[in-house]
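Each remark here refers to the structure printed beneath this line.
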Amino acid sequence: MEKIYAIETSNLSIHYGNFTAVKEVAMKVEKQKITAIIGPSGCGKSTLLRAFNRMNDFVPGCHITGELLLHGQNLYGKDIDPVEVRRKIGMVFQKPNPFPKSIYDNISWGAKINGFKGNMNELVEQSLRGAALWDEVKDKLQQSAYALSGGQQQRLCIARTIAIQPEIILMDEPASALDPISTLRIEELMQELKKNYTILIVTHNMQQAARVSDYTAMMMIDDQRSGGVIEFDDTKKIFTRPGDKRTEDYVTGRFG
Amino acid sequence: MNQQKDYFPEGDAFYASLRSRYRAAGIWQFIFLSALLAAIIALTALLYNVVDGAFGYIAYEYKKSPTEFTSTPINELTQEELLVILKDNLSAGAYKKLDTEQKMETRSQSDLLSLFMERLVRIDTKGTWSMTESLTRGAEIQAEVAEKYPKATLEFRSWLTPQFLVTPMSSRAEFAGVRTAILGSLWLVGIAILFALPIGTGAAIYLQEYAPKNWLTNIIQTNINNLAGVPSIVYGMLGLAVFVRVLETFTSGAMFGVTDSNGRTVLSAGLTMGILVLPLIIINAQEAIKAVPDSLRQAAYGVGATRWQTVWHHVLPNALPGILTGSILALSRALGETAPLIVVGASTFISLDPSSPFSKFTALPIQIYQWTTRAQSEFHAIAAGAIIVLLALLLTLNATAIMLRNRFQKRW
């Protein structure tokens with residue numbers, strides 16, 4: 001079967017003013033697979049991830065060079081509105097950040113502002129089911145989202161993201177603030193989600209990358225302190241027969 | 001590494017050092033407590049001083065005895081009887097003037113009674129005493145009054161009465177009230193807040209959420225901070241030049257068909273106050289907007305919200321309590337400012353309620369200032385009463401604003 005790529009980058013660099021934070025990334029993200037980005041702290045994983053839905057636009061002085069294509073369309077093209085990009089490429093953040101609203105409104109708000117005309121109750125239920133949260137919250141939809149546990153809040157954030165029907169979901173260390181049981185549930189959920197969505201996940205946790213992802217990109221900083229992808233391959237290969245010595249050192253825990 | 005251990009005090013030496021640490025902490029704690037006590041003493045002294053002036057003995061004589069006009073005791077006079085007495089004894093001109101201010105027949109019994117006392121009986125105050133004097137030297141005062149003014153009545157009087165709140169200005173302290181001033185102050189604060197709150201909040205949103213951080217916004221920011229410290233009299237000059245003079249057709253109401261006024265209206269003064277509190281509101285709103293966590297903005301952007309939707313649905317509602325706190329401060333400032341009002345042209349003697357933005361006006365601080373500069377001690381007493389009214393009004397307005405804020409502050 002021929003592989004379909006959702007995102008392709010070539011020569012993608014991200015700069016803060018004169019400083020190049022991420023250098024010359026070339027990677028292809030396969031559709032409906034989970035691609036993990038791993039690497040030591042400060043190597044630009046999150047910066048790279050945020051480039052995919054133009055979240056870096058809000059950082060003063062940040063600009064990118066090179067190409068970032070979604071189905072062949074350059075996301076940084078002149079005719080592309082960043083709001084449209086974020087509508088197609090949703091994001092789950094490191095710390096659960098539900099809106100200070102009810103559970104129901106957390107899901108419905110994104111749909112409402114994007115002009116959703118369907119049945120809102122149905123959408124809320126579907127999204128919560130999709131995030132494996134429905135059974136836990138179906139009787140308290142009007143209660144505050146802040147009353148949920150951390151793990152539930154993070155799944156609510158995932159439900160909020162899938163409610164706007166994106167094509168790709170970016171996850172920035174989604175389980176790093178959660179306990180092991182909540183982490184496990186998020187990981188199980190990701191396996192469900194990849195049937196419909198393409199997922200890109202940044203993680204510190206190498207076991208997590210090994211467990212959940214199909215592909216892994218290994219990032220490392222060079223001597224100019226710019227991050228770059230040094231190896232990008234099947235997850236299995238990265239963790240068993242890495243091609244780069246630095247990757248091997250990192251995944252076997254010898255440094256990092 | 002292990003030798004470093006020897007440099008730490010152990011045993012008795014440790015306890016000695018611990019004691020000296022606690023001693024230093026105790027001294028600082030005492031200094032902070034003294035600072036708090038000093039503040040409490042200062043505030044108590046202020047309150048005492050005000051209250052002290054607002055109650056106390058008054059010695060007065062009647063210029064004419066009430067019995068010269070009627071045989072009925074004054075407290076039992078009806079509205080009709082009073083009307084007849086006033087009509088018979090006041091000069092025709094004076095009666096007509098009162099009648100045009102408000103129809104005599106429609107005036108209440110208490111209103112007519114005070115007219116009767118003020119215009120016909122005419123109280124002549126011989127002296128007033130503060131509350132402390134009255135309470136501690138009661139007998140001496142009585143003896144003194146009995147000797148100096150044998151015909152005078154000595155009475156313990158509260159200058160702050162319900163009557164004081166609802167009667168307009170009068171040239172006799174005994175009959176003066178703060179009704180006109182209270183209404184003027186309310187109009188003033190209302191106009192100032194209506195003008196400054198939307199503009200200030202808007203400016204703060206733009207500066208915080210939209211404006212790029214560069215040298216130009218830096219200069220603007222610095223200037224806003226500086227403006228908050230500009231003496232209020234300068235704002236008065238600005239108000240005089242801009243609102244009273246240049247924009248006279250607008251502020252006098254000529255533009256809207258009002259013909260009987262000039263630019264020295266409550267609208268001019270309210271706008272001047274608005275400008276005065278604008279920096280305060282902007283700075284507070286900015287702080288409130290800054291305090292909204294970035295994660296919330298990112299969450300909104302993350303589901304495809306535009307900047308405006310993010311600001312309107314998330315940033316503003318979460319910053320609103322803080323913005324309202326700023327407006328409370330602004331409100332207090334506007335209520336208490338005197339200097340700009342004098343410059344803009346508050347009326348010093350006016351007994352007509354302000355009825356529109358184009359009315360002439362006076363305000364509580366102006367009234368207090370006026371009364372304290374008078375030589376007669378009874379005016380100082382009503383000034384003290386007016387200060388209590390001003391403080392009470394301030395508390396009421398602030399309490400209202402705080403209640404409003406708590407309603408918006410829905411905790412999730």
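Naming: A, B, ... by sequence-line order, numbering from 1 per chain.
Considering only heavy-atom pairs separated by less than 4.5 Å from chain B, the leading option among A:M55, A:M91, A:R87 is A:M55. Between chain B and the residues A:I113, A:V85, A:I89, A:I164, the most heavy-atom pairs under 4.5 angstrom are made by A:I113.
The neighbour count for A:M27 CE, taken as heavy atoms of other residues, nucleotides or ligands under 6.0 Å away, is above 12. With a 6.0 Å radius and a threshold of 12 heavy atoms from other residues, nucleotides or ligands, A:K95 has its NZ atom at or below the threshold.
Using cut-offs of 30° and 60° on the angle between ring planes, the pair A:F99 and B:H314 is parallel.
Residues satisfying the side chain to side chain donor-acceptor pair (under 3.5 Å) test with A:S46, not counting sequence neighbours, are A:D172.
Residue A:P166: no heavy atom, backbone or side chain, is found under 4.5 Å from chain B.
Contacts of residues 285-313 of chain B with chain A at a heavy-atom distance below 4.5 Å involve B:S295, B:L296, B:Q298, B:A299, B:A300, B:Y301, B:G302, B:V303, B:G304, B:A305, B:T306, B:R307, B:Q309, B:H313, listed in sequence order. Using a 4.5 Å heavy-atom cut-off against chain A, no residue of residues 211-234 of chain B qualifies as contacting. The interface of residues 63-74 of chain A with chain B, defined by heavy-atom distances below 4.5 Å, is empty.
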